[in-house]
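Notes for the one structure printed next.
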Amino acid sequence: MIDKLDQFFNEYITKESLFLDKKALQSTFTPEEIFHRDEQINQIAKILAPCLKIENPSNLFAYGKTGTGKTVSIRMITNKMREIAEQKNIPLKFIYVNCKLKKIADTEYRLIAQLAREFGTEIPYTGLPTEEVYKILFNIVDKNKQLVVLILDEIDQLVQKTGDEVLYNLTRINSELKNAQVSIIGISNNLFFRDSLDPRVKSSLSEEEVLFPPYNALQIQDILRQRAKLAFKSDVLQPGVIEKCAAYAAREHGDARRALELLRVAGEIAERDADDLIELKHIDTAEEKTERDKVLDLVKSQPKQQQATLYSIITIAAKNNREAIFTGEIYDGYKELCLKLGLRPLTQRRVSDIIAEFDMLGIINAKVISKGRYGRTREISLAISDSIRTNLNKILEEGLTVS
DNA sequence: CGAGATTCATGTGAAGTATACCTTTAGGCTTAA
DNA sequence: AAGCCTAAAGGTATACTTCACATGAATCTCGTA
């Protein structure tokens, strides 16, 4: 037994890694060259170019599904511009904020506060009037004569939750500034988001629009090959691996991010298994693992009440394997659970909202239906596979029992 | 038999409340002249 | 008298509750053929 362990560790240490540079497959990585987005990149570059002459560029609105290269493209361009600006001493600043991040930038106050923090001020998490935070932001931006470009990723999430007032205020910011100038790049995953905006916001935010269409399988292959060359040592990929990753990702609206993740995790699995080659079978394992990790991480980070609600959904769905279950049953189960755990139960009103949140997160499918004489409710079903559900169950039980 | 009324179970919006945290301010204490 | 600290007062954002009304199709009702 001990020998075996010894052997394993020794092997593990002496074994050469399959990776050269794992970073190249991570979603934060910005490659030198981005394939199949030439048109979009040119458009954006043209729109942002005036920055380098210290002229205020048009506001820009980029939209397209997840993993279509919106964020990387913009990051790549802004990196370049930042370099140039540095060389030529141009006072240009890019601020990137992801509006989806819970507790960071998912309300008006928090977004503005986060923007101000990016400039190096301390802003408390609560307590200040939002108006005050705007003022702080204005002042710090206006302190220097400079050009500031705010990049708001996934603004659709924010606007859906809190309305478009924030955007209105931000688009008007320029008229109050004396020295600096601000322009906004909005990024949205939702293609129809634009239409839900107040016309005033719409016209000023989307002065320019750039659409990112999904990649097809061949394009994803190109991207994967480029990154794989950086990330892996040569000849560790079994032929067909890239094609298979691409095919999996293309199946889901051409999500390149997902393809890259798949490839990276497949590599990690191969390495863990002490294989010299990344094989096709590793991709299947990787697909399940990525899916599972995504769900589990998400659930682990949820507050207790949310976990309890989800647990109730899972147990009830498992108990009666009907097609769908309803809000009332879930709430009853949830209340019972709270009793057992000594948790103060939330009202049904709130639980209803929590269920809607889980729907948004894609863990469950919920649809409001009317059952005629038998009232109106949400028809809810789990949106996760059985194998994950078992894991999830365990995680939830753990999470709920520790106090 | 069919049009319209009724009904149920919960969705959903608005307003109110509790909590945690912020700034301001007024008082009290110390200190130095 | 000036300076510094502290605690109370007055204010805010957020998560949640309370209240009240909205929904929409299955079912019921009742007039009519």
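Just so it is clear: chains get the letters A, B, ... in the order the sequence lines come, proteins before strands, and each one is counted from 1.
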- request: Give the C-alpha distance, both sets of side-chain angles, the deciding distance and a yes or no for ring-ring contact (aromatic ring centres under 6.0 Å, His included) between F61(A) and Y63(A).
  value: CA-CA 7 Å; F61(A) 186 64; Y63(A) 57 108; 5.5 Å; yes
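The base of dG13(B) lies close enough to the side chain of R349(A) for a donor and an acceptor atom to sit less than 3.5 Å apart.
Relative to the six-membered ring of F326(A), K371(A) meets both conditions, a distance below 6.0 Å and an angle of at most 45° to the axis.
Set against dC16(C), dT14(C), dT12(B), the side chain of L346(A) has dC16(C) as its closest nucleotide. Nearest nucleotide to the T126(A) side chain, out of dG11(B), dT14(C), dC21(B): dC21(B). Listed nucleotides dG11(B), dT14(C), dC28(C) differ in distance to R373(A); the shortest reach to its side chain belongs to dC28(C). Each of dT23(B), dG11(B), dT14(C) was ranked by its minimum atom distance to the side chain of T327(A); first place goes to dG11(B).
Between R376(A) and dC8(B), a side-chain N or O to OP1/OP2 separation shorter than 4.0 Å is absent. Distances shorter than 4.0 Å separate some side-chain N or O of S352(A) from OP1 or OP2 on dG11(B). Here T130(A) reaches the OP1 or OP2 of dA13(C): one of its side-chain N or O atoms lies under 4.0 Å away. Taking side-chain N and O atoms only, S370(A) has no distance below 4.0 Å to OP1 or OP2 of dA9(B).
Considering L52(A), N79(A), L92(A) in turn, L52(A) is the only one that fulfils the side-chain contact (heavy atoms from CB on, under 4.5 Å) rule with I84(A).
Note: CD1 (I355(A)) to P (dT12(B)) measures 11 Å, nearest angstrom. The CD atom of E131(A) sits 16 Å away from the C1' atom of dT23(B) (whole-angstrom rounding). Going from atom OH of Y374(A) over to atom P of dA26(C) covers 11 Å, rounded to whole Å. Between the P atom of dT14(C) and the CD1 atom of I123(A) lies a distance of 13 Å, rounded to the nearest Å. Whole-Å rounding puts the Y109(A) OH to dA15(C) P distance at 13 Å. Atom pair Q348(A):CD and dT10(B):C1' shows a separation of 7 Å (rounding to whole Å applied). K161(A) has its NZ atom 15 Å from the P atom of dG13(B), to the nearest Å. When rounded to the nearest whole Å, the span between CD1 of I380(A) and C1' of dT10(B) equals 11 Å.
Here the straight-line distance linking atom CD of E209(A) with atom CD of Q43(A) works out to 10.0 Å at 0.5 Å rounding.
The residue among P129(A) and K103(A) whose nearest nucleotide of DNA chain C lies closer to the 5′ end is P129(A).
Using a 4.0 Å heavy-atom cutoff across all strands shown, P303(A) reaches no nucleic acid atom at all.
Taking the six-membered ring for Trp and the full ring otherwise, F19(A) and F232(A) have centroids separated by under 6.0 Å.
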